Amino acid sequence: MVYQWYPGHMSKAKRQMQEDLKVVDAVVEILDARIPYSSKNPDIDSMAKGKARIIILNKADLADRSKTEEWKKYYESKGFFVNICNSRNGNGIKDTVGIIREACSEKIERDRKRGIMARPVRAMIAGIPNSGKSTFINSMAGKNCAKTGNKPGVTKGKQWIRLNREIELLDTPGILWPKFEDQRIGLKIAFIGSINDEILYPEEMAFELLGILKKEYPGVIAARYGEGLEELADINEILSKIAVIRGCLKKGGEADTEKASKLIIDDFRSLKLGNISLEKVSEIGSADPKNGSGERERDAKS
């Protein structure tokens, strides 16, 4: 299937972000640590030129820590300030305030020389749907000031949150971009729940996910669903057997692969398969997320 989701409210949100960028000093982009390349919206690079840039590798508790560290070094090499966080339990959150200050140090110094001491740094929080922006803000603020939910599209409009005397955060709706140049990007975005599940085909997604797990994380399928499954060459056969093992059956005892597929996808999203990262720095070649064109070269391979 074609993986694409760009409802009208995202186009409206993008236009609003372009206006709001005129009054902010920094852009804090929230990426999902499981797909640090695919979850980076190239339109944000294009819109945020001239602003201090911070990347948060969020949901690090769900990802492969060694790969997340590689991505941190990668983005730092591209000129971004980077922090690794788990917004749900607060790990890494406290460091973010210092990183925002560091990224905006030139602005802060300019204000100081002009005698402007009371104006806080304004940072826009941006990212794709379901990347954890609002949870990140709530964790930063230490209270529930931004609406959250484990599905895309919860944040409908902008809202300012005064973090302290020094920093204000602007929460914005999650936006994708109009066309994925590579459908593998769309597939990975679908895996993490950033595309409306109602328009997806779970069996196709589970097929692809099982293939990635079989190749990159040997032993995970067997540990979760049953010994011997990874020895099978046919992914469809693996999926059918998982359906039987987990009791996902239609009338007459036929394997209900759609139900089993939803179970597998949910297992991935909820950490039941362990800490899984779907992208490696070594796979992206010469792709540069800071080319500013809004259309990154995307040669990442699953």
Side-chain angles (χ1 to χ4, degrees), residues 1-3 31-40 57-75 84 128 130 180-195 197 200-246 248 255 257-287 289 296-302:
M1 67 167 288
V2 174
Y3 293 92
L31 307 186
D32 189 304
R34 294 167 293 179
I35 55 167
Y37 185 70
S38 294
S39 61
K40 192 169 195 317
L57 295 171
N58 196 30
K59 301 188 179 183
D61 57 313
L62 304 179
D64 184 326
R65 183 70 189 197
S66 63
K67 290 185 174 62
T68 303
E69 292 288 351
E70 291 176 2
W71 281 106
K72 182 177 185 291
K73 293 176 182 177
Y74 171 79
Y75 279 119
I84 297 173
I128 68 173
N130 206 36
F180 301 138
E181 300 88 351
D182 184 337
Q183 282 299 296
R184 290 168 297 186
I185 301 297
L187 175 65
K188 292 171 187 175
I189 289 173
F191 282 149
I192 66 168
S194 296
I195 294 177
D197 281 335
L200 301 173
Y201 291 93
E203 288 169 287
E204 181 176 311
M205 291 173 62
F207 179 92
E208 297 292 342
L209 181 57
L210 288 170
I212 293 172
L213 293 174
K214 192 172 187 292
K215 176 184 177 183
E216 299 293 340
Y217 291 92
V220 166
I221 295 174
R224 179 64 182 168
Y225 303 112
E227 295 293 333
L229 288 176
E230 290 185 359
E231 298 174 9
L232 301 173
D234 189 340
I235 302 296
N236 282 317
E237 186 178 358
I238 294 175
L239 180 56
S240 295
K241 287 189 177 295
I242 290 174
V244 173
I245 292 169
R246 286 307 175 97
C248 301
T257 54
E258 180 178 358
K259 185 176 181 179
S261 295
K262 292 178 180 179
L263 181 149
I264 292 167
I265 294 165
D266 183 66
D267 282 353
F268 164 71
R269 292 175 179 174
S270 61
L271 199 57
K272 292 176 183 176
L273 296 177
N275 298 83
I276 304 294
S277 292
L278 301 179
E279 295 177 327
K280 296 185 291 188
V281 171
S282 60
E283 294 174 332
I284 68 170
S286 59
R296 288 182 288 168
E297 176 187 351
R298 291 182 175 271
D299 54 2
K301 297 181 180 179
S302 300

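For clarity, every value in this text was computed on a predicted model and none was experimentally measured.
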Of the non-hydrogen atoms in [X] and [Y], which two are nearest, and what is the gap between them?
X	Y	answer
Ile195	Gly186	CD1-O, 3.7 Å
Pro36	Leu31	O-CD1, 3.3 Å
Ala255	Ser240	CB-O, 3.8 Å

Working to the nearest 0.5 angstrom, can you tell me the gap between [X] [atom1] and [Y] [atom2]?
X	Y	atom1	atom2	value
Ser38	Lys188	OG	NZ	4.5 Å
Leu232	Lys241	CG	NZ	6.5 Å
Ser39	Arg34	OG	CZ	9.5 Å
Leu229	Glu237	CG	CD	9.0 Å
Arg184	Leu278	CZ	CG	13.5 Å
Leu273	Leu209	CG	CG	7.0 Å

- Identify, with sequence neighbours excluded, every residue that meets salt bridge (charged side-chain N to carboxylate O under 4.0 Å, His left out) alongside Glu69. Arg65
Min side-chain heavy-atom separation [X]-[Y] under 4.5 Å:
X	Y	result
Phe180	Ile189	yes
Ile276	Phe268	yes
Ile265	Leu200	no

- Go through the steps to decide whether Asn58 and Asp32 satisfy the test side chain to side chain contact (heavy atoms under 4.5 Å, CB included), and finish with yes or no. CA-CA 5 Å; Asn58 196 30; Asp32 189 304; over 6 Å; no
- Plane angle bin for Tyr37 and Trp71 - parallel if under 30°, tilted between 30 and 60°, otherwise perpendicular: parallel
- For Tyr217 and Asp64, run side chain to side chain contact (heavy atoms under 4.5 Å, CB included): C-alpha distance rounded to whole Å, both residues' side-chain angles, the deciding distance at 0.1 Å, then the answer. CA-CA 11 Å; Tyr217 291 92; Asp64 184 326; 3.1 Å; yes
- Query: Between Glu279 and Lys67, is there a side-chain N and carboxylate O pair less than 4.0 Å apart?
  - Reply: no
- Pairs involving residues 262-278, ordered by first then second residue, that meet side-chain hydrogen bond (donor to acceptor under 3.5 Å, both in side chains) (sequence neighbours left out): Asp197-Arg269, Arg224-Asp267, Tyr225-Asp267
- Residues Glu203, Thr257; criterion side-chain hydrogen bond (donor to acceptor under 3.5 Å, both in side chains); working and verdict: CA-CA 7 Å; Glu203 288 169 287; Thr257 54; 2.4 Å; yes
- Ser194 (side chain) donor-acceptor with Asn130 (main chain) under 3.5 angstrom: no
- Query: Does the Glu230 side chain pair with the main chain of Gly219, one donor and one acceptor, at a distance under 3.5 Å?
  - Reply: yes
- Taking it one step at a time, do Ile238 and Lys214 satisfy side chain to side chain contact (heavy atoms under 4.5 Å, CB included)? CA-CA 10 Å; Ile238 294 175; Lys214 192 172 187 292; 4.0 Å; yes
- Under the side chain to side chain contact (heavy atoms under 4.5 Å, CB included) criterion, do Leu210 and Ile242 qualify, and how do the steps go? CA-CA 11 Å; Leu210 288 170; Ile242 290 174; 4.1 Å; yes
